[in-house]
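To keep things clear, I will list the structure first and then write my remarks on it.
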Amino acid sequence: MAAAADHVFDPWDPAFVADPYPAYAELRARGRVIRYEPSDQWLVPHHADVSALLRDRRLGRTYLHRFTHEEFGRTPPPPEHEPFHTLNDHGMLDLEPPDHTRIRRLVAKAFTPRTVERLVPYVRGLAEELVDTLVGNGGGDLLTDLAEPLPVAVIAELLGIPEADRPLLRPWSADICGMYELNPSEETAARAVRASVEFSGYLRELIEARRAEPGEDLVSALIAAHDEGDRLTGQELVSTVVLLLNAGHEATVNATVNGWYALFRHPGQLAALRADHSLVPSATEELLRYDTPLQLFERWVLDDIEIGGTTIPRGAEVALLFGSANHDPAVFADPGRLDLARAENPHISFGAGIHYCVGAPLARIELAASLTALLERAPTLTLAAEPERRPNFVMRGLRGLRVELR
């Protein structure tokens with residue numbers, strides 16, 4: 001019989017959200033799969049299981065390619081939520097093969113290593129410019145002054161979003177991503193629906209403009225691939241661009257502020273990094289592991305599976321706990337210790353399998369660029385005030401991170 005998560009896992013408790021890692025240790029001790037009634041899910045806390053299930057084709061991000069809602073034993077979403085689900089369900093993250101394979105192939109064609117590499121000077125230059133402004137002001141909010149504007153500008157540049165329109169992106173993204181939390185409220189859903197309608201309308205206009213006058217950007221490349229005969233519906237194109245915009249900055253923003261907050265709380269590690277900038281690549285991976293920006297990834301059980309002697313039936317939902325997997329002592333020596341020189345670091349912050357983050361190389365470039373710029377141009381940066389954590393559990397971040405220069 002599977003263990004229950006009662007009194008251990010509580011994603012709506014501010015104390016749990018502030019530091020879920022001790023609770024994860026207790027979950028791992030309870031077993032390989034734990035039933036959680038409040039969200040009607042099975043929690044999977046161990047690295048080996050999370051990693052394996054991300055690759056297991058008996059699970060899917062959707063079930064609608066094989067079953068109706070009724071056949072799967074699920075209630076269809078309310079009609080008033082339809083704009084969000086139409087937008088969300090046609091993006092490749094929430095599709096399964098063959099549709100996922102077709103769309104990801106198109107994105108990969110346009111999102112090549114050469115394209116990403118071409119962005120490196122732009123990313124580094126922008127990171128340095130933002131840090132110089134921060135230094136000139138004697139400090140500020142690392143969230144709004146660097147963590148947000150850098151990846152938003154980069155993904156917008158890649159996609160060809162006009163600079164004047166870029167302030168629209170972060171609020172739309174934040175409202176849509178609210179629906180990825182566990183049991184979102186009706187207020188959250190209403191915001192997500194409104195943002196989905198506005199974001200979709202904006203992108204349809206942009207796509208028509210790019211179709212009339214193509215540029216050297218990802219939206220133009222996707223349109224060209226579509227027009228050359230690769231099958232991509234209008235809705236799939238809109239949904240794919242929204243996914244790239246949202247995923248292209250959301251995790252990077254949170255990884256930046258989570259990472260610097262961790263560094264400030266570990267002055268010995270920060271001093272070692274300031275003394276040796278060659279640690280930046282391993283430090284980037286360790287900061288992604290230590291305080292994981294995406295804590296949970298949901299999958300539907302399409303065919304019965306067995307985990308640790310417990311059968312999870314078709315129609316159930318599993319919650320793969322990335323944050324717990326990244327602190328599993330079976331994989332990471334002394335996982336609660338921040339070790340910027342950690343050599344073996346198979347964290348799963350970018351996922352695995354067919355849904356592995358297509359933008360992971362770009363995210364690494366952005367994180368390394370902002371880290372390097374702050375180390376080189378703001379060597380006396382210090383925490384000015386204890387930050388307030390966002391109430392969100394799934395997408396883990398801070399409301400702000402006030403810093404100053406000593």
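The first residue of the sequence shown is numbered 1, and numbering continues consecutively from there.
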Exactly one candidate in Asp19, Val257, Leu398 meets side-chain contact (heavy atoms from CB on, under 4.5 Å) with Arg389; the answer is Leu398
dist Cys177:SG -> Asn246:CG (nearest 0.5 Å) comes out at 4.5 Å
Handout entry: Charged tip of Arg265 within 45° of Tyr261 ring normal and under 6.0 Å
Key = yes
Taken to the nearest 0.5 Å, the spacing of Ser51 OG from Asp56 CG works out to 11.0 Å
Checklist entry - When the aromatic ring centroids of Trp12 and Phe393 are compared, is their separation below 6.0 Å? => result no
Could you give me the CA-CA distance, side-chain angles and deciding distance for Leu245 and Trp172, then say whether side-chain contact (heavy atoms from CB on, under 4.5 Å) is met?
-> CA-CA 10 Å; Leu245 283 165; Trp172 279 336; over 6 Å; no
inquiry  = Using 30° and 60° as the class boundaries, would you call the ring planes of Tyr180 and Phe84 parallel, tilted or perpendicular?
reply    = tilted
Salt bridge or not for Glu26 and Arg30, using N-O below 4.0 Å?
yes
| field | Arg210 side chain reached by Leu222 side chain, heavy atoms, under 4.5 Å | value | no
**Asked** With under 30° as parallel and over 60° as perpendicular, where do the rings of Tyr356 and Phe350 fit, or are they tilted in between?
**Response** perpendicular
message: Go through it in stages, so that I can follow the logic: the residues are Glu129 and Arg377, the test is salt bridge (Lys or Arg N to Asp or Glu O under 4.0 Å), and I'd like the CA-CA distance, side-chain angles, deciding distance and then a yes or no.
response: CA-CA 10 Å; Glu129 182 184 315; Arg377 303 167 109 83; over 6 Å; no
So CG of Leu320 and CD1 of Ile348: to nearest 0.5 Å the spacing works out to 7.5 Å
Glu236 and Arg102 ion-paired at < 4.0 Å: yes
ask   = Has Arg289 got its NZ or CZ under 6.0 Å from the middle of the six-membered ring of Phe332, at an angle within 45 degrees of the ring axis?
value = yes
Note to self: Can you confirm whether more than 12 heavy atoms, excluding those of Glu117, are under 6.0 Å from its CD atom?
What the structure shows: no
_Quick check: do Leu59 and Trp300 have side-chain heavy atoms less than 4.5 Å from each other?_
no
* Can we call the ring centroids of His100 and His355 under 6.0 Å apart? -> yes
Are Trp42 and Arg35 close enough, and set up right, to give a side-chain contact (heavy atoms from CB on, under 4.5 Å), and what steps lead you there?
-> CA-CA 5 Å; Trp42 296 84; Arg35 181 71 184 152; 3.2 Å; yes
Q: For His266 and Tyr290, run side-chain contact (heavy atoms from CB on, under 4.5 Å): C-alpha distance rounded to whole Å, both residues' side-chain angles, the deciding distance at 0.1 Å, then the answer.
A: CA-CA 12 Å; His266 295 82; Tyr290 182 78; 3.2 Å; yes
For Gln235 and Ser239, run side-chain hydrogen bond (donor to acceptor under 3.5 Å, both in side chains): C-alpha distance rounded to whole Å, both residues' side-chain angles, the deciding distance at 0.1 Å, then the answer. CA-CA 6 Å; Gln235 183 58 59; Ser239 295; 2.9 Å; yes
Inset, instruction - Kindly check if the number of other-residue, nucleotide or ligand heavy atoms within 6.0 Å of CD (Glu70) is above 12? - result: yes
| task | Answer yes or no: is there a side-chain heavy-atom contact under 4.5 Å between Leu273 and Leu371? | result | yes
* Taking it one step at a time, do Ser185 and Glu187 satisfy side-chain hydrogen bond (donor to acceptor under 3.5 Å, both in side chains)? -> CA-CA 5 Å; Ser185 67; Glu187 183 186 345; 5.1 Å; no
Does the side-chain hydrogen bond (donor to acceptor under 3.5 Å, both in side chains) test come out yes or no for Asn345 and Ser282, once each step is laid out? CA-CA 9 Å; Asn345 199 341; Ser282 61; over 6 Å; no
dist Arg74:CZ -> Thr68:OG1 (nearest 0.5 Å) comes out at 13.0 Å
Side-chain (Ser196) to main-chain (Ala192) donor-acceptor, under 3.5 angstrom:
yes
Please work out whether the ring planes of Trp260 and Phe264 are parallel, tilted or perpendicular, with thresholds of 30° and 60°. tilted
*Using a strict 4.0 Å threshold on nitrogen-to-oxygen distance, state whether Glu285 and Arg364 make a salt bridge.*
yes
If you take the centroid of each ring, where Trp contributes its six-membered ring, are Tyr63 and His69 closer together than 6.0 Å?
yes
Heavy atoms of Val242 and Leu203 approach each other most closely as CG2-CD1, 3.2 Å
- Item | Test log, rule ring-ring contact (aromatic ring centres under 6.0 Å, His included), inputs Tyr24 and Phe9 | CA-CA 8 Å; Tyr24 289 154; Phe9 183 83; 7.0 Å; no
Of Leu93, Leu95, Leu106, Val107, the one forming a side-chain contact (heavy atoms from CB on, under 4.5 Å) with Thr240 is Val107
(Q) Before you tell me yes or no, could you show the steps for Arg399 and Asp141 under salt bridge (Lys or Arg N to Asp or Glu O under 4.0 Å), namely the whole-Å CA-CA distance, both residues' side-chain angles and the distance that decides it to 0.1 Å? (A) CA-CA 10 Å; Arg399 290 192 187 277; Asp141 183 351; over 6 Å; no
**Study point:** Test salt bridge (Lys or Arg N to Asp or Glu O under 4.0 Å) applied to Arg191 and Asp175, step by step
**Key:** CA-CA 6 Å; Arg191 285 199 301 269; Asp175 285 346; 3.8 Å; yes
Rounding to 0.5 Å, atoms CE (Met92) and OG1 (Thr101) come to a distance of 11.5 Å
Heavy-atom nearest pair, Ala319 first then Leu296, reads CB-CD1, 3.6 Å
Between Gln295 and Pro20, the two heavy atoms sitting closest are OE1-CG, 3.9 Å
Any chance you could lay out the salt bridge (Lys or Arg N to Asp or Glu O under 4.0 Å) test for Arg314 and Asp304, step after step, and finish with the verdict? CA-CA 5 Å; Arg314 186 184 85 182; Asp304 294 0; over 6 Å; no
Requested in this report: Show your reasoning for whether side-chain contact (heavy atoms from CB on, under 4.5 Å) applies to Glu82 and His85.
Outcome: CA-CA 5 Å; Glu82 180 271 330; His85 289 287; 5.9 Å; no
On a heavy-atom basis, the closest approach of Ile307 and Ile305 is CD1-CD1, 3.9 Å
Tell me whether the count of non-hydrogen atoms from other residues, nucleotides or ligands lying under 6.0 Å of CD in Glu216 goes above 12. no
To the nearest 0.5 Å, atom CG of Leu338 lies from atom CG of Asp291 at 10.0 Å
Residues Glu250, Ser173; criterion side-chain hydrogen bond (donor to acceptor under 3.5 Å, both in side chains); working and verdict | CA-CA 8 Å; Glu250 196 69 38; Ser173 174; 3.1 Å; yes
